Peer 1: 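Quick one: the structure is below, questions incoming.
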Amino acid sequence: MSEQRQDDGPSSAFVTGGSGFVGGALIRRLVEEGWRVRALARSQGSADKVAALGAEPATGDLEDAGAMTRAAEGCEVAFHAAVHLGEWGPRAEFERINVGGTRNVISACRGAGVRRLVHVGTEAALMAGEPLVDVDEDAPLRPDSPVPYCSTKALAEQAVRDAADGGLETVVVRPRLIWGPGDTTILPSLVEAVRSGRFRWIGGGRHRTSTTHVANVVEGLLLGAQRGASGAAYFVTDGEPVVFRDFVKSLVGTQGVEVPDKELPAGIARAAAAAAEGLWKGLRLSGAPPITRIALWLSSQECTIDISRARAQLGYQPRVTVAGGIEELAAAA
């Protein structure tokens, strides 16, 4: 790994996924701090969103390395936040976007002469069915995970880290359970599940979990761009873990919704997930099963993260506490 950089001044950046939750928050912070930002936009709607945030839209998508190369020209840093999320779907689609798209971003950065690529990773790249307890960056990636999202995010991260050489510096920043203003996935899904009567605490929900407010994700990305060691990965979170049940109740409560106390034993949930996935796969049913393995892992197993490396090497400190972020969401509701 190369030496860490200490250049903290504004620069020029190319951003993928800028119309999404993390990418949008990143663009907003970059623009506020004086960076010049160009953002990939695959549709007019995406272009309008990134332009409203202060970025220059660049037409293209993750499958068009040429368009990305042209978009990244003149940019010193690239942030790769685009991703195919989901708990279910054809593996080929996850591979096309998460793996193939990431490789195209790497190629575009090389072609455009970008100095440093910062990739938005995830703790899910370490998930294969067992709890993650106080894990750090030495824990192995799991490209062998049976869940396509986890497997392809592991493969994408490995491609980014392997690409670090004299011509391109690469850094991976891994948040866990991203939440906060602008969330279009976790909070809306929880609220909908409660309101529809489908929500259950699997195994009671009293396990510990690490979380990462979106402002803390962005803080980690910027520090990764400015100070991270090339070829390295860094976990970032809100700091101390919380009890999953307490956090979810507080988070959903910001929307004026009360989470019921209904529980589902973990063993029954595991059997149901295995049966549902087998049925959907065997019969090629449309949509997602009512419960999946990754949903089970994310909601019923401990996932606690050690962020000592980010603190020591990046000078990372969470900008927003869990309590402060919950208060902010409630005030905005």
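All values reported here derive from a predicted model rather than from experimental measurement.
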Peer 1: May I ask you to test the E93-I97 pair for a side-chain heavy-atom distance under 4.5 Å?
Peer 2: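 Heavy-atom side-chain distance check passes, below 4.5 Å.
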Peer 1: Per the salt bridge (Lys or Arg N to Asp or Glu O under 4.0 Å) rule, what does the pair list look like for residues 182-194, sequence neighbours excluded?
Peer 2: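 For residues 182-194: E192-R198.
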Peer 1: Of all heavy-atom pairs between F79 and A225, which one has the smallest distance, and what is that distance?
Peer 2: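 It is CZ-CB, 3.7 Å.
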Peer 1: Between L30 and A13, which heavy-atom pair has the shortest distance, and what is it?
Peer 2: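 The answer is CD1-CB, 4.1 Å.
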Peer 1: Tell me whether L177 shares a hydrophobic cluster with L251, the cluster being built from Ile, Leu, Val, Met, Phe, Trp, Tyr side chains joined at under 4.5 Å.
Peer 2: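 Result: yes, single cluster for both.
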Peer 1: Between V50 and V217, is there a shared hydrophobic cluster once you connect ILVMFWY residues whose side-chain heavy atoms come closer than 4.5 Å?
Peer 2: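 Looking at the clustering, V217 is in the same group as V50.
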Peer 1: Between the main-chain N or O of H84 and the side-chain N or O of N98, is there a donor-acceptor pair closer than 3.5 Å?
Peer 2: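 Checked: pair present.
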Peer 1: Under the side-chain contact (heavy atoms from CB on, under 4.5 Å) test, which residues partner K249, sequence neighbours left out?
Peer 2: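 With sequence neighbours excluded, K249 shows a side-chain contact (heavy atoms from CB on, under 4.5 Å) to W201, R245, V259, D261, given in chain and number order.
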Peer 1: Determine, step by step, whether R319 and V218 satisfy the side-chain contact (heavy atoms from CB on, under 4.5 Å) criterion, reporting the C-alpha distance in whole Å, the side-chain angles of both residues, the deciding distance to 0.1 Å, and the verdict.
Peer 2: CA-CA 10 Å; R319 288 168 62 97; V218 171; over 6 Å; no
Peer 1: Can you see which heavy atom on P241 is nearest to which on R208, and at what distance?
Peer 2: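 Taking P241 first and R208 second, the nearest heavy atoms are CG-NH1, 3.9 Å.
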Peer 1: Side chains of H80 and T102: is there a donor and an acceptor less than 3.5 Å apart?
Peer 2: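 Yes, a side-chain donor-acceptor pair sits under 3.5 Å.
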Peer 1: Determine the minimum heavy-atom distance between I178 and F21, stating which atoms define it.
Peer 2: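 I178 and F21 have their closest heavy atoms at CG2-CE2, 3.5 Å.
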Peer 1: May I ask you to test the L62-N104 pair for a side-chain heavy-atom distance under 4.5 Å?
Peer 2: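 In short, these two side chains do not touch, never coming nearer than 4.5 Å.
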Peer 1: side-chain contact (heavy atoms from CB on, under 4.5 Å) with S189: which residues, sequence neighbours excluded?
Peer 2: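 side-chain contact (heavy atoms from CB on, under 4.5 Å) list for S189, sorted by chain: empty.
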Peer 1: Do you know which of R36, R115, R116 makes side-chain contact (heavy atoms from CB on, under 4.5 Å) with E76?
Peer 2: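 That would be R115.
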Peer 1: Would you mind writing out the side-chain donor-acceptor pairs for residues 321-333 within the sub-3.5 Å range, not counting sequence neighbours?
Peer 2:
{"from": "T321", "atom 1": "OG1", "to": "G324", "atom 2": "N", "distance (Å)": "2.9"}

Peer 1: Should I186 and F244 be counted in the same cluster of Ile, Leu, Val, Met, Phe, Trp and Tyr side chains packed under 4.5 Å apart?
Peer 2: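 Result: yes, single cluster for both.
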Peer 1: Given side chains that start at C-beta, do those of H119 and T170 come closer than 4.5 Å, heavy atoms only?
Peer 2: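 No - every pair of side-chain heavy atoms lies 4.5 Å or more apart.
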Peer 1: Could you tell me whether the side chain of W35 reaches within less than 4.5 Å of the side chain of V77, counting heavy atoms only?
Peer 2: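 Counting from C-beta outward, V77 and W35 do come under 4.5 Å.
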Peer 1: Identify, with sequence neighbours excluded, every residue that meets ring-ring contact (aromatic ring centres under 6.0 Å, His included) alongside Y316.
Peer 2: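 Scan of Y316 (ring-ring contact (aromatic ring centres under 6.0 Å, His included), adjacent residues dropped) gives none.
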Peer 1: ring-ring contact (aromatic ring centres under 6.0 Å, His included) with Y149: which residues, sequence neighbours excluded?
Peer 2: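 Counting only residues at least two positions away or on another chain, Y149 forms no ring-ring contact (aromatic ring centres under 6.0 Å, His included).
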Peer 1: Look up atom OG1 in T16 and atom CG in D61, then write down how far apart they are to the nearest 0.5 Å.
Peer 2: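 Answer for the OG1-CG pair, T16 versus D61, is 11.5 Å.
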Peer 1: Check whether D48 reaches the backbone of A51 with its side chain - one donor and one acceptor, N or O, closer than 3.5 Å.
Peer 2: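 A pair under 3.5 Å: no.
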Peer 1: Applying side chain to side chain donor-acceptor pair (under 3.5 Å), which residue pairs with at least one partner in residues 272-283 are found, sequence neighbours left out?
Peer 2: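 Found E277-R293.
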Peer 1: With a cut-off of 3.5 Å and sequence neighbours excluded, list every side-chain donor-acceptor pair involving residues 122-132.
Peer 2:
{"from": "T122", "atom 1": "OG1", "to": "A124", "atom 2": "N", "distance (Å)": "3.0"}
{"from": "E123", "atom 1": "OE2", "to": "R176", "atom 2": "NH1", "distance (Å)": "3.1"}

Peer 1: Applying side-chain contact (heavy atoms from CB on, under 4.5 Å), can you list everything that pairs with A78, at least two apart in sequence or on another chain?
Peer 2: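 With neighbours one apart ignored, the set is F14, C109, V114, L117.
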Peer 1: Grab the two heavy atoms, one from C150 and one from I294, that are nearest each other, plus how far apart they are.
Peer 2: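 Here C150 and I294 meet closest at SG-CD1, 3.7 Å.
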Peer 1: Give a yes or no on whether L221 and V31 share a hydrophobic cluster (residues Ile, Leu, Val, Met, Phe, Trp, Tyr; joining criterion: side-chain heavy atoms under 4.5 Å apart).
Peer 2: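 Hydrophobic grouping puts L221 with V31.
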Peer 1: Rest of the hydrophobic cluster containing L264 (Ile/Leu/Val/Met/Phe/Trp/Tyr, side-chain heavy atoms under 4.5 Å)?
Peer 2: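 Members alongside L264: I268.
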Peer 1: With sequence neighbours left out, write down each residue that passes side-chain contact (heavy atoms from CB on, under 4.5 Å) with R91, or none if nothing qualifies.
Peer 2: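 side-chain contact (heavy atoms from CB on, under 4.5 Å) check on R91 returns E95, P148, S151, T152, L155.
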Peer 1: Side-chain heavy atoms nearer than 4.5 Å, only ILVMFWY residues, links allowed to pass through others: does that put V160 and L40 together?
Peer 2: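 Result: yes, single cluster for both.
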Peer 1: Calculate, to the nearest 0.5 Å, the distance between atoms CZ and NZ belonging to F199 and K262 respectively.
Peer 2: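 F199 atom CZ to K262 atom NZ measures 11.5 Å (nearest 0.5 Å).
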Peer 1: How many angstroms lie between atom NZ of K153 and atom CG of L85, to the nearest 0.5 angstrom?
Peer 2: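 It is 8.0 Å, given to the nearest 0.5 Å.
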Peer 1: So, using ring-ring contact (aromatic ring centres under 6.0 Å, His included) as the criterion, who are the partners of W179 when residues are at least two apart?
Peer 2: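 Listed in chain order: H213, F247.
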Peer 1: Calculate, to the nearest 0.5 Å, the distance between atoms CD1 and CD belonging to I305 and E137 respectively.
Peer 2: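 Taking CD1 in I305 and CD in E137, the distance rounds to 8.5 Å.
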Peer 1: Distance from R161 atom CZ to E157 atom CD, nearest 0.5 Å?
Peer 2: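 That separation rounds to 5.5 Å.
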Peer 1: List the steps, then state whether side-chain contact (heavy atoms from CB on, under 4.5 Å) holds for S308 with D136.
Peer 2: CA-CA 8 Å; S308 298; D136 62 15; over 6 Å; no
Peer 1: Pick from V236, T304, I307, D306: which one makes a side-chain contact (heavy atoms from CB on, under 4.5 Å) with S210?
Peer 2: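 In the set V236, T304, I307, D306, the residue that makes a side-chain contact (heavy atoms from CB on, under 4.5 Å) with S210 is T304.
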Peer 1: Between the main-chain N or O of S19 and the side-chain N or O of S46, is there a donor-acceptor pair closer than 3.5 Å?
Peer 2: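 No, the answer is negative, given that no donor and acceptor are paired below the 3.5 Å cut-off.
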Peer 1: With a 4.5 Å cut-off on side-chain heavy atoms, are L26 and V120 touching?
Peer 2: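 No, too far: nothing below the 4.5 Å cut-off.
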Peer 1: Are P143 and Q158 close enough that some pair of their side-chain heavy atoms sits under 4.5 Å apart?
Peer 2: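 Sidechains of Q158 and P143: no contact.
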Peer 1: Quick one: does V147's side chain get under 4.5 Å of R142's, heavy atoms only?
Peer 2: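 The answer is no, as the side chains (C-beta and beyond) never meet within the 4.5 Å cut-off.
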Peer 1: Can you tell me if N216 uses its side chain to pair, donor with acceptor, with the backbone of V320 under 3.5 Å?
Peer 2: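 Judged by distance alone, yes, a pair lies under 3.5 Å.
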Peer 1: Within the supplied structure, the quantity of interest is the number of heavy atoms (other residues, nucleotides, ligands) at a distance under 6.0 Å from R110 CZ; does it exceed 12?
Peer 2: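 Counting other residues, nucleotides and ligands, CZ of R110 exceeds 12 neighbours.
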Peer 1: Please determine if E63 and R42 form a salt bridge, counting it only when a charged side-chain N lies under 4.0 Å from a carboxylate O.
Peer 2: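 Judged by the 4.0 Å cut-off on N to carboxylate O distance, E63 and R42 do not form a salt bridge.
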Peer 1: Quick one: pull up OG in S107 and CG in L168 and give me the separation to the nearest 0.5 Å.
Peer 2: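 Those atoms lie 10.5 Å apart.
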Peer 1: Minimum heavy-atom separation for V194 and E258, please, with both atom names.
Peer 2: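 Looks like CG1-O, 3.6 Å.
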Peer 1: Show, in sequence, the C-alpha distance, side-chain angles and deciding distance for R270 and L296, and conclude whether the side-chain contact (heavy atoms from CB on, under 4.5 Å) test is met.
Peer 2: CA-CA 7 Å; R270 283 193 295 271; L296 185 70; 3.2 Å; yes
Peer 1: Check whether R38 reaches the backbone of E73 with its side chain - one donor and one acceptor, N or O, closer than 3.5 Å.
Peer 2: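 Here the side-chain-to-backbone pair exists.
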Peer 1: Check the pair E87 / L298 against side-chain contact (heavy atoms from CB on, under 4.5 Å), numbers first and verdict last.
Peer 2: CA-CA 10 Å; E87 57 184 83; L298 293 171; over 6 Å; no
